[in-house]
Every structure is written in structure tokens, then in C-alpha cells.
Amino acid sequence: MSLNEGDRSPPPPRDDWALFLDVDGTLTAHVARADAVVLEDRVRHVLMRLQDRLGGALALVTGRSLAALDALMRPHVPAHAACLHGVQQRPSAPDSRFPPVASTWVEEAVSLADRYPGALVEAHGPCLYLHWRAAPAAAGAMTAFARRFATGVPSHRLHIGRHGIEIRPDGMDKGMAIADFMRCAPFAGRVPVFAGDDPADEPGFVAVNALGGISVRVGEERRDSAARFRLRNPQEVLHWLAEEARGADRQGERK
Ligand SMILES: [Mg+2]
């Protein structure tokens with residue numbers, strides 16, 4: 001691999017793509033509280049146009065819960081989504097494969113977060129997210145809690161980030177979620193394309209690479225990413241995706 005591979009801009013969108021997009025950090029900037037993110041209308045607009053253009057083959061692939069994703073996207077609720085890193089999927093939602101985290105663990109995490117103003121706990125059924133972006137002092141205690149959890153609940157794995165830890169059941173990731181979609185209409189037979197910004201997106205990059213697709217990392221250059229293309233920030237992502245919408249507009253004008 002040349003040094004520059006993985007640092008090129010992706011090719012312009014095509015009609016035969018199956019498009020998979022992470023949300024936070026990819027379509028919107030990260031903020032301290034995921035529930036405080038506001039999606040710009042133009043993002044919603046571009047996504048709707050792409051969905052039509054791709055015959056519906058567009059899915060959001062996110063760590064958010066379905067409820068949190070729908071709250072962000074309203075009034076346009078996405079038809080296809082893989083939430084909680086694929087643990088919750090729409091249209092099919094095989095939630096039942098993964099039992100919820102026991103309430104004793106959730107209560108302990110919440111009371112821990114209460115000691116650090118700004119620290120947050122999100123309990124989403126089988127997943128438990130610990131955030132300290134707004135409370136860096138909570139990092140040590142939350143990490144210690146997560147390690148204890150991982151020892152006590154071996155069915156789950158820790159996904160450690162700079163500003164938090166996601167505790168998720170083993171056996172599902174964004175790559176598996178994308179592979180699930182690619183087996184079904186309207187995705188099957190198309191070229192898979194996935195854009196995402198953080199380490200949890202790496203399995204998605206690996207999955208689309210394996211299917212001959214296009215992997216796009218959003219953010220600063222990183223040598224250890226499997227992504228073959230890169231955009232620097234959500235603004236560049238929107239610009240890239242809007243090329244498609246503008247193309248559709250121009251075709252519409254010619255008719
Ligand atoms: Mg992200």
C-alpha cells in the first residue's frame with residue numbers, strides 16, 4: 001500500500017451504489033450530548049434526495065438507538081437503519097438476540113455518573129454507553145467500572161474511545177449490519193459504500209472492502225484505518241453527497 005492510499009477523496013456518487021452512512025461525526029459534528037445534536041435541514045434534504053436516487057438503497061448505520069436516530073431525523077424517519085452498531089435494525093429488528101443489561105449494572109453506572117457533573121450514561125437495552133466528553137475527570141472511574149463489567153458479563157465487549165466507552169454484546173458490529181443489508185433488496189447487487197469517522201466504523205470499512213465497495217473515513221489521516229478514501233469533516237461529506245443531489249437536479253431540469 002502506498003503511503004497516500006487511504007487519503008484520497010472518494011469518487012462522486014453513482015446510481016448503482018448502496019450507501020451506508022454513520023451519523024455522529026460523519027453527517028454532524030460531535031457535541032458533548034448526543035441528544036443535543038441538531039441536524040441541518042440541508043443534510044436531511046440531501047439524504048432524502050439520495051434515497052430516491054438510489055432506489056431506497058440508503059441506510060444509516062449508527063451507535064445511536066433507533067429512538068434517538070428517529071428523534072434526530074424527524075420528520076423524515078429513515079426506512080433503513082442499523083442502530084446500536086447493528087444490534088437494532090430496521091426493517092427487521094432482531095433485538096431479542098441480545099438480552100438487556102441487568103438493571104443493577106445500569107443503576108451502578110448512573111450513580112457513578114452522578115458524581116461527575118457532565119458525565120453521562122445511556123442504557124439502550126443490551127448496550128450501555130458511558131460518556132465523559134464534558135467531564136474528563138470521570139474517565140478513570142468509568143473505565144474501572146467498564147472493566148469490572150466486562151469481567152462480570154463475558155457476553156459483552158468494551159469499545160474504548162477518547163471520550164467514552166461503549167459496552168456492547170459481542171457478535172454484532174457495523175460490518176455485520178452492512179453485510180445483512182447487502183443480502184436483501186434494495187441493497188443486494190449494488191456497490192456498497194460506507195462512510196464513518198471512528199474506530200467502531202472499521203468493521204464497516206472492512207465489510208465494504210471485502211464486497212468490492214468504497215470505504216470512506218471522515219477525520220484526520222490515520223494509518224491504521226482500513227478505509228481507502230478520506231474526507232476531512234462532515235462539511236466535506238455533505239459536499240460529496242450533494243454532488244449526487246445536484247446531478248439529480250440537473251437531470252430533472254433537462255427532462
Ligand atoms: Mg461516528
Side-chain angles (χ1 to χ4, degrees), residues 6-7 9-10 18-40 42-44 46-47 50 58-73 78 80-90 120-122 124 127-134 157-168 172-179 181 192-209 213-222 224-241:
D7 206 31
S9 294
L19 187 58
F20 302 96
L21 297 168
D22 171 52
V23 176
D24 297 85
T26 298
L27 297 177
T28 69
H30 280 294
V31 301
R33 294 185 62 110
D35 59 1
V37 172
V38 177
L39 199 67
E40 290 177 54
R42 62 194 185 119
V43 178
R44 229 177 256 111
V46 165
L47 293 180
L50 275 168
L58 179 130
L60 298 178
V61 182
T62 172
R64 283 174 177 259
S65 66
L66 265 176
L69 178 66
D70 287 351
L72 180 70
M73 300 302 296
H80 297 98
C83 292
L84 303 176
H85 302 269
V87 170
Q88 280 183 324
Q89 290 181 17
R90 181 191 283 145
L120 273 181
V121 168
E122 289 180 65
H124 300 297
C127 303
L128 190 59
Y129 295 175
L130 315 171
H131 304 283
W132 57 77
R133 188 179 289 270
R157 259 208 285 171
L158 306 185
H159 300 270
I160 300 172
R162 269 201 303 158
H163 304 289
I165 295 180
E166 296 183 351
I167 304 174
R168 307 200 300 264
M172 180 52 82
D173 59 36
K174 289 189 176 186
M176 290 185 237
I178 288 170
F181 279 121
V193 179
F194 175 53
D197 73 302
D198 79 16
D201 297 313
E202 291 294 330
F205 301 147
V206 172
V208 300
N209 291 347
I214 294 168
S215 46
V216 184
R217 207 181 87 73
V218 182
E220 296 312 308
E221 186 178 8
R222 223 185 54 215
D224 59 348
S225 176
R228 292 178 177 160
F229 298 91
R230 184 170 77 90
L231 293 167
R232 280 179 296 187
N233 50 46
Q235 289 74 31
E236 286 196 2
V237 173
L238 191 62
H239 186 78
W240 169 56
L241 296 177

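These values consider heavy atoms only, across backbone and side chains, with no hydrogens, waters or symmetry-generated copies. Every number for a ligand or one of its atoms is a count from 1 in the order of the listing.
- Residue contact annotation: Asp24 places an N/O/S atom under 2.8 Å from the Mg ion (ligand 1).
- Comment: Asp70 engages Arg90 in a salt bridge, judged by a side-chain N to carboxylate O separation of less than 4.0 angstrom.
- Closest approach between the Mg ion (ligand 1) and any N/O/S atom of Asp197 involves OD1.
- Put simply, the side chain of Trp240 never gets that close to the backbone of Gln235: no donor and acceptor are under 3.5 Å apart.
- The line from CG of Leu66 to NE2 of His124 is 10.5 Å long, rounded to the nearest 0.5 Å.
- Residue Asp201 does not count as close to the Mg ion (ligand 1), with no N, O or S atom under 2.8 Å.
- The minimum distance between the Mg ion (ligand 1) and any N, O or S atom of Asp22 involves atom OD2.
- Arg228 and Ser215 make their closest contact through N-OG, 2.9 Å (heavy atoms, listed as atom of the first residue, atom of the second, distance).
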